[in-house]
Amino acid sequence: MKLSVIGAGYVGLTTAACLAQIGHDVFCSESDLEKLGKLQNGELPIFEPCLDKVVASARKAGRLRFGSTEDAIAWGNAIFICVGTPPLPNGDADLSAIEAVARMIAKRASGYRLVIEKSTVPVQTGTQLRRHLSVHNTNGLRYDVASNPEFLREGTSVEDFLHPDRIVVGVDSTRAEELLREIYRPIIDQRFACPVHEECGGWKEPKFLVTDTGSAELIKHASNSFLAMKISFINMVANLCETVGADVTKVAEGMGLDPRIGAAFLNPGIGFGGFCFPKDVQAFIRIAEKSGCDFSLLKEVEKINQARIELFVEKVRRELWVVRGKKIAIWGLAFKPNTDDVRFAPSIALVKALLAEGAAVNAYDPQAMTKARSIIPEIQYCADAYEAAIGSDAILVVTEWDEFRALDWKRVLSIVEQPLIIDGRNALQPEEISHYGFRYVSVGRADILPRRLTESVPHSPTSKKETNTQEVPA
Ligand SMILES: NC(=O)c1ccc[n+]([C@@H]2O[C@H](COP(=O)([O-])OP(=O)(O)OC[C@H]3O[C@@H](n4cnc5c(N)ncnc54)[C@H](O)[C@@H]3O)[C@@H](O)[C@H]2O)c1
């Protein structure tokens, strides 16, 4: 089918490339001319594992092209709107980019179009879209509007798009439902050439859930807010563990074994970030408020999350005594591993707080330094984790990239000023780190004093632990 995707960000580019991968003819538009230029030259404006491969093969097969939004609107029978919906100062979602696209569709398209909201939008946006398309309709456009919220996670977006748990479609006509079923048929049946897994198989067919538009819109905000609530809950449990001397890792494990609770999103840390949870929780609070519901539970979720950075900085103060003039290494800037995205990343607020206290910050992230530099240019960016650690009084683990778990700890020990690691993600193994002579401070569990190097290593330096990040889909 001929499909259009408006906006080539994390969601739009993944959507466009994956829809082309499963056999559709896709036109993807991008209004940022620098990004568009890169895409047209075969470069990717974002880092996302596997996406380069999928984009390259779809372009080679002639099934994916990039250009203007005007041309995209003229192209597809179905148009996926994937533009940003950032927060306004009052917490509402800013829908101006959605409105601009809707107006352009109404003014330029003719014939029939299925207009699909894939961006995360407040409930009743579909109703507004229908009204808007009707008001500005100048060419006899016939249309349906559908909601098709996206649940992919940055870092695994291609895999999530192609092997989802569920595909949610909010529709108000049989035609819209049938078109969406046809678009997603290869994914529903799990029949396509998988670019992620060489020998792909055994995936469960996703549930294709059909609802009304408003319910689909609500599913997205309710899902993200619920996951954020789990994170804030375990963060409060972590605070309690620190006070009473319990181990939050064990508490979370014990809780997660109950299938009614589940183990996911029970990793304490320095709080959730990224382009989804913080803004979606805020937007959901506002949606509830405007509907006359006081969703104060979510206000607490937000408040707990906002307090995480100050609690973490307090640990740094406690350990360093005086922060002013100290050299601090930041390992990880992205809001989660395997992405270059730093939007609303806890690292940004943390670095700003440390700079305000007079610390000198040396940072390293495997992918996110270019994007971080545009927000916090005043710190030192380093070539690797070792360079960032040179002369440091404390190393702060802020994003749990796998490579931080596989470092040469003897080498790290030899280059720091003070052997102190404060792990904001519980990413490292306490026994292993202390064995190498570091003082190890983490979240919701006892601080560990350095051991002598003569004792045996309890874990291999390359031992990996499940990712811990306090964000997932969006
Ligand atoms: N990032 C995620 O993990 C994720 C996951 C699920 C849902 N979402 C939701 O999807 C939406 C997009 O998120 P994102 O992370 O991809 O944002 P993004 O900022 O990476 O991408 C949006 C893109 O749309 C482009 N754009 C804006 N107006 C345009 C127009 N008129 N024509 C063409 N391009 C235009 C922007 O330049 C930008 O590149 C948001 O509503 C977000 O909440 C995000």
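As the structure lists them, so they are numbered: ligands from 1, and atoms in each ligand from 1.
Separation of the Phe284 and Phe295 ring centroids falls under the 6.0 Å cut-off. Proximity of the aromatic rings of His163 and Phe192 is defined here by a centroid distance below 6.0 angstrom, and this criterion is met.
A donor-acceptor contact under 3.5 angstrom links the side chains of Asn148 and Lys118, judged on distance only. Side-chain contact check for Asn362 and Tyr381: no donor-acceptor pair (N or O, by modelled atom type) lies under 3.5 Å. No side-chain donor-acceptor contact under 3.5 Å links Ser232 and Arg308.
Proximity of Val11 to ligand 1, defined as any heavy-atom pair under 4.0 Å, is shared by backbone and side chain alike.
In terms of polar-atom proximity, defined here as any N/O pair under 3.5 Å, Glu30 does make such a contact with ligand 1. Annotation: Arg343 places an N or O atom under 3.5 Å from an N or O atom of ligand 1; distance criterion only. Distances between N or O atoms of Glu150 and those of ligand 1 include no value under 3.5 Å.
For ligand 1, the atoms sitting less than 4.0 Å from at least one non-hydrogen atom of Cys82 are 12 (C), 22 (C), numbered in the order shown with element in parentheses. The atoms of ligand 1 that sit less than 4.0 Å from any heavy atom of Lys279 are 42 (C), 43 (O). Heavy-atom contacts of Gly9 reach the following atoms of ligand 1: 16 (O), 18 (P), 20 (O), 21 (O), 23 (C) (cutoff under 4.0 Å). Every atom of ligand 1 with a heavy atom of Lys35 under 4.0 Å away is listed here by number and element: 38 (C), 39 (O). The distance from ligand 1 to the heavy atoms of Thr85 drops below 4.0 Å at these ligand atoms: 40 (C), 41 (O), 43 (O). With ligand atoms numbered from 1 in the order given, ligand 1 contributes 22 (C) to contacts under 4.0 Å with heavy atoms of Gly84. Near Val101, the atoms of ligand 1 lying under 4.0 angstrom from a non-hydrogen atom of the residue are 31 (N).
Nearest-heavy-atom check against atom 28 (N) of ligand 1 across Thr339, Val83, Thr120, Thr15 picks out Val83. Distances from atom 13 (O) of ligand 1 to the heavy atoms of Phe151, Tyr10, Phe275 show the closest one on Phe275.
Using a 4.0 Å heavy-atom cutoff, Ser29 is listed among the residues neighbouring ligand 1.
Taking each heavy atom of Pro337 and Thr399 in turn, the nearest pair found is N-CG2, 3.5 Å. Between Val158 and Pro49, the shortest heavy-atom distance links the atoms CG2-O, 3.9 Å.
With respect to Asp165 and Lys204, no salt bridge is recorded, no charged nitrogen being found less than 4.0 Å from a carboxylate O. Salt bridge status for Lys371 with Asp340: present, with a side-chain N to carboxylate O gap under 4.0 Å.
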